[in-house]
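In the text below, chain A, chain B and the rest are named by the order of the sequence lines, each starting its count at 1.
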Protein chains: 2
Amino acid sequence: MPPPNPTFSPLYQQIKGLLIQSLQDGEWKPGELIPSETELAVRYGVSQGTVRKAIDELAAENLVVRKQGRGTFVATHNEAKAEYRFLRLAADDVNTGKPKSSYLAVDRVRANSHVAKLLDIKPSDSVFVVKRVLRFDGVPQILDEIWLPASQYKGLTLERLQSWNSTLYGFLESAFGVRMLRAIETIKAVSAEPEQAEVLQVPVGAPLLLVERQSMTYADQPVELRRGWYLTDRFSYKNELY
Amino acid sequence: MPPPNPTFSPLYQQIKGLLIQSLQDGEWKPGELIPSETELAVRYGVSQGTVRKAIDELAAENLVVRKQGRGTFVATHNEAKAEYRFLRLAADDVNTGKPKSSYLAVDRVRANSHVAKLLDIKPSDSVFVVKRVLRFDGVPQILDEIWLPASQYKGLTLERLQSWNSTLYGFLESAFGVRMLRAIETIKAVSAEPEQAEVLQVPVGAPLLLVERQSMTYADQPVELRRGWYLTDRFSYKNELY
DNA sequence: GAGTGGTCTAGACCACCCG
DNA sequence: GGGTGGTCTAGACCACTCG
């Protein structure tokens, strides 16, 4: 009787790893069609069902999008359905229009220890700090302060952001090839400081949600850190629990 | 050539429906072992793979828990791993002990229109209102106000809650057979009113998270509505985005 | 019609758990 | 050793999309 293998790893997991590697290497770019399941099965020398199970998991993690009758596509932030995929703020009553960003400033500074730790860089490394406002139907609802490691976003300027007319993540994906796959948010209630109060047009001291988001790309590498102050008088942060 | 069927529903979805019905009917109770995949395959006259796919989805929705080598169990709120399954508040730094509930009051009142709407009952129907405090390491962090439709929780009293030494959902499951499967939370930032300020030991006006939760059982029937005021000085509401 | 993902089956073998 | 879920395969057929 053979001893059980202590480092057992299912075939489909190994295939999944290979697929992720190809995605990360840019063999298939965001929005593109990847090879069919049967094609990949031949390529890796496994059955089609095994490839299917690997792709199933990638689809569950939103790295890839299946479309019956058409094929499997690399997920992208540049399409209607994925716009504001990570935005959890929604109006309480009727539907609103899509939010619109106004970029206020882009600065280049040195990371403080908190930012450096969460971006997994050295405290002396330089980062871009982006400030922007998100408006729904013209009403400012979110003030964002976004830290981006300068090394991965060479050439970022306020002008380029302002001339882009879609989402930030779509821009970062198109301009720098950085794909946001996953994020962790930690939420607190705070009182508005003068800076936030002015932008969001509320009294100093008004209660705001403070949402800190750490975004990751492949291999869970952090590539963005942001702090958002959310006005929640007529909007709410929505979350589903299972 | 046969025309495509417009009301096509995969076999495994139909099996899934039958399994949910059996769960809802109490054929298998929380914590119990359900029949093996092969057994169910015989019972429903389908292949084992089809049953597997149905159970896979139930497991993904946390209605059921798979344990390799042992079998598949009906999910329950009365086990260590599922305790505080829906609680998203966690300490910022080091680990804390498990939270402890103190029940302050149970009242029987008529639902107002807001509560009635979210519980899908008539405004004149009576509901229990439970007030409690959640403490981490003895420090009060959450004040909860919980509405429960009286018709489904006959005989609920403050004494019974106080003598129960596990989670509320575990109690409601054991005492009334009501299983919380899914919930939707909407989160706002508010200023502490005197009542909350006193319990949470903060100044009036201090910023708090206001978390409103609507919990559902089978068939998405709402069976609980709660409002929690969360103190977020050393704790945060955590959320993952994909 | 040709190609893709989606379903369903049947059978083999593996890893895990328990008595 | 016997039972359970977990993996892997091969093949058939279906639903959907597009040219």
Side-chain angles (χ1 to χ4, degrees), chain A residues 1-19 22-23 28 31-75 79-81, chain B residues 1-19 22-23 28 31-75 79-81:
Chain A
M1 186 174 305
N5 182 351
T7 58
F8 169 73
S9 168
L11 234 194
Y12 75 87
Q13 288 287 0
Q14 302 174 34
I15 303 299
K16 183 184 170 189
L18 294 173
L19 292 171
S22 288
L23 288 168
W28 314 302
E32 285 182 7
L33 185 65
I34 74 171
S36 72
E37 295 179 352
T38 51
E39 215 168 323
L40 291 168
V42 172
R43 166 163 165 180
Y44 297 124
V46 301
S47 82
Q48 188 245 17
T50 300
V51 170
R52 163 168 290 267
K53 188 149 189 190
I55 295 180
D56 276 346
E57 293 207 350
L58 296 178
E61 295 167 19
N62 292 320
L63 268 70
V64 117
V65 180
R66 291 175 168 293
K67 300 194 179 173
Q68 181 171 155
R70 299 184 56 198
T72 301
F73 297 79
V74 182
E79 60 177 17
K81 289 202 58 170
Chain B
M1 185 175 307
N5 182 350
T7 58
F8 169 73
S9 167
L11 235 194
Y12 76 88
Q13 288 287 359
Q14 302 174 36
I15 303 299
K16 182 184 171 189
L18 294 173
L19 292 171
S22 288
L23 289 167
W28 314 302
E32 286 182 7
L33 185 64
I34 75 171
S36 72
E37 295 179 353
T38 50
E39 215 168 323
L40 290 168
V42 172
R43 165 163 165 181
Y44 297 123
V46 300
S47 82
Q48 188 245 18
T50 300
V51 171
R52 161 168 291 268
K53 188 147 189 190
I55 295 180
D56 276 347
E57 292 207 351
L58 295 178
E61 295 166 19
N62 292 320
L63 267 69
V64 117
V65 180
R66 291 174 168 292
K67 299 192 180 174
Q68 182 171 155
R70 300 184 55 200
T72 301
F73 298 79
V74 182
E79 58 177 17
K81 289 201 57 171

How close do A:Pro35 and A:Leu40 get, counting heavy atoms only, and between which atoms? O-CD1, 3.6 Å
Quick one: list whatever passes side chain to side chain contact (heavy atoms under 4.5 Å, CB included) with B:Ala59, sequence neighbours left out. B:Val64, B:Arg66
I'd like to check the side chain to side chain contact (heavy atoms under 4.5 Å, CB included) partners of B:Lys16; sequence neighbours left out, ordered by chain and number. B:Gln13, B:Ile20, B:Ala54, B:Glu57, B:Leu58, B:Glu61
So, for B:Ile55 and B:Glu37, which heavy atoms are closest and what is the spacing to 0.1 Å? CD1-CG, 4.1 Å
Can you list the residues that meet the side chain to side chain contact (heavy atoms under 4.5 Å, CB included) rule with B:Ser47, with sequence neighbours excluded? B:Thr50
Give the minimum heavy-atom separation between B:Leu33 and B:Arg70, together with the two atoms involved. CD1-O, 3.9 Å
Estimate the overall bend of the helix from C:dG1-D:dC18 to C:dC18-D:dG1 from the end axes over five pairs each, rounded to 10 degrees. 10°
With the sugar-phosphate defined as primed atoms, P, OP1 and OP2, and the base as all remaining atoms, what B/S/- string results for nucleotides 2-8 of chain D, 5' to 3', for protein heavy atoms under 4.0 Å? -BBBBBS
Name all residues meeting the salt bridge (Lys or Arg N to Asp or Glu O under 4.0 Å) criterion together with B:Arg43; count only those two or more places apart in sequence or in a different chain, and write none if there are none. B:Glu27
